[in-house]
Amino acid sequence: FCALMRSRYFPVSWRVDLKYWGYLLSQSYLVGLAMVFRRSVVNAGILFLTALATPHAVGLLNAGLRIMQVIELLPSPLSMPLLPPFARFALDSKERLFEALGHAMRVFAIIGFPLCGFVLVLAGDIIRFTFGPAFGDAASALSVMSLAIALLFPTSLYFAGFSGLGRRSF
């Protein structure tokens, strides 16, 4: 049914512009590399711990990491809509861009610091609610990792800020 509807009412012609793809790749490869390194750093700790510790310790660390990975997703939907205004401000004047970036950093810090404190104080309850009482010892790992939340929110604006400045690559 979908193929029939698409071929009859919504014909799609595939056009590939290799020059434009080259431009897109040249402008985005540093962001892609940063994302690969960020993911590998998160998972490298688990791999090292697997080789050096017991499966129980790996499970406890992994429980805290899972909570942090969910929290890590929160700033993205908030920072991505700022990309178009930052790009407009950069075209108008750099001062307006830096002023808007400063305001956004303050708002993201206002979100990030209380969330950091919330997770730090309630780490045990969050772990027990999410994974059950058997993972109660993972609360200390989550407490230590929760300190990164304070920096996670403001630094999520770097991509939008660098994109607005046109500095995604060297």
Side-chain angles (χ1 to χ4, degrees), residues 12 14-53 55 57-120 123 126 130 138 141-170:
V12 177
W14 293 96
R15 291 181 289 167
V16 178
D17 186 357
L18 293 178
K19 185 177 178 183
Y20 189 66
W21 275 95
Y23 170 75
L24 288 177
L25 289 175
S26 71
Q27 293 298 310
S28 64
Y29 75 94
L30 286 178
V31 173
L33 281 175
M35 292 173 81
V36 167
F37 285 134
R38 187 175 184 183
R39 290 289 171 203
S40 64
V41 165
V42 168
N43 294 323
I46 294 173
L47 293 175
F48 286 128
L49 193 60
T50 302
L52 300 174
V58 174
L60 293 178
L61 177 69
N62 204 14
L65 277 175
R66 295 295 169 222
I67 300 294
M68 288 301 293
Q69 286 174 343
V70 170
I71 293 172
E72 184 183 356
L73 296 174
L74 294 177
S76 290
L78 299 173
S79 64
M80 285 300 152
L82 295 174
L83 227 158
F86 284 174
R88 276 195 310 271
F89 291 151
L91 290 175
D92 292 343
S93 71
K94 301 283 189 240
E95 291 80 27
R96 285 190 66 195
L97 172 67
F98 291 132
E99 182 181 340
L101 193 57
H103 288 303
M105 285 265 192
R106 281 190 285 281
V107 169
F108 274 54
I110 288 170
I111 296 169
F113 282 106
L115 185 62
C116 170
F118 175 76
V119 174
L120 183 66
I126 293 170
T130 309
L142 180 59
S143 295
V144 171
M145 286 185 270
S146 71
L147 298 174
I149 297 171
L151 299 175
L152 181 68
F153 275 81
T155 58
S156 69
L157 292 170
Y158 286 160
F159 175 71
F162 288 138
S163 295
L165 286 170
R167 304 270 187 206
R168 293 175 303 278
S169 61
F170 291 118

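Quick caveat, the model's predicted, so the values are computed rather than measured.
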- [ ] Report the distance from atom CD of E72 to atom CD1 of I149, rounding to the nearest 0.5 Å.
- [x] 10.5 Å
Open item on the list: Working to the nearest 0.5 angstrom, can you tell me the gap between S156 OG and L74 CG?
Closed with: 10.0 Å
Open item on the list: Going by the rule side-chain contact (heavy atoms from CB on, under 4.5 Å), which residues pair with I110 if we only count those two or more places apart in sequence or in a different chain?
Closed with: none
Task: Spacing of CG belonging to L60 relative to CG belonging to L142, to within rounding of 0.5 Å - done: 11.5 Å
- [ ] Give, for atom CD1 of I111 and atom CG of L152, the distance between the pair rounded to the nearest 0.5 Å.
- [x] 11.5 Å
Open item on the list: Would you compute the distance between atom CD1 of I67 and atom CG of N62 and round it to the nearest 0.5 angstrom?
Closed with: 10.5 Å
Show every donor-acceptor pair shorter than 3.5 Å between a side-chain atom in residues 99-107 and any protein atom, with sequence neighbours excluded, or say none if there are none.
unit_1, atom_1, unit_2, atom_2, d
H103, ND1, R106, NH2, 3.0

Task: For the student: nearest non-hydrogen atoms of A150 and F113, plus distance - done: CB-CE2, 3.4 Å
Open item on the list: Give me the atom names and distance for the closest heavy-atom approach of A138 to A63.
Closed with: CB-CB, 4.0 Å
- [ ] Using the test salt bridge (Lys or Arg N to Asp or Glu O under 4.0 Å), find all partners of D17 that sit at least two apart in sequence or belong to another chain.
- [x] none
- [ ] Locate the shortest heavy-atom distance separating M68 from M145; write the atom from each residue and the value.
- [x] CE-O, 3.2 Å
Task: Shortest non-hydrogen separation from F108 to F153 and the atoms involved - done: CD2-O, 3.1 Å
TODO: Please report the closest heavy-atom contact between C116 and S146, naming both atoms and the distance.
DONE: SG-O, 3.3 Å
Task: Shortest non-hydrogen contact between P77 and P81, atoms and distance - done: O-CD, 3.1 Å
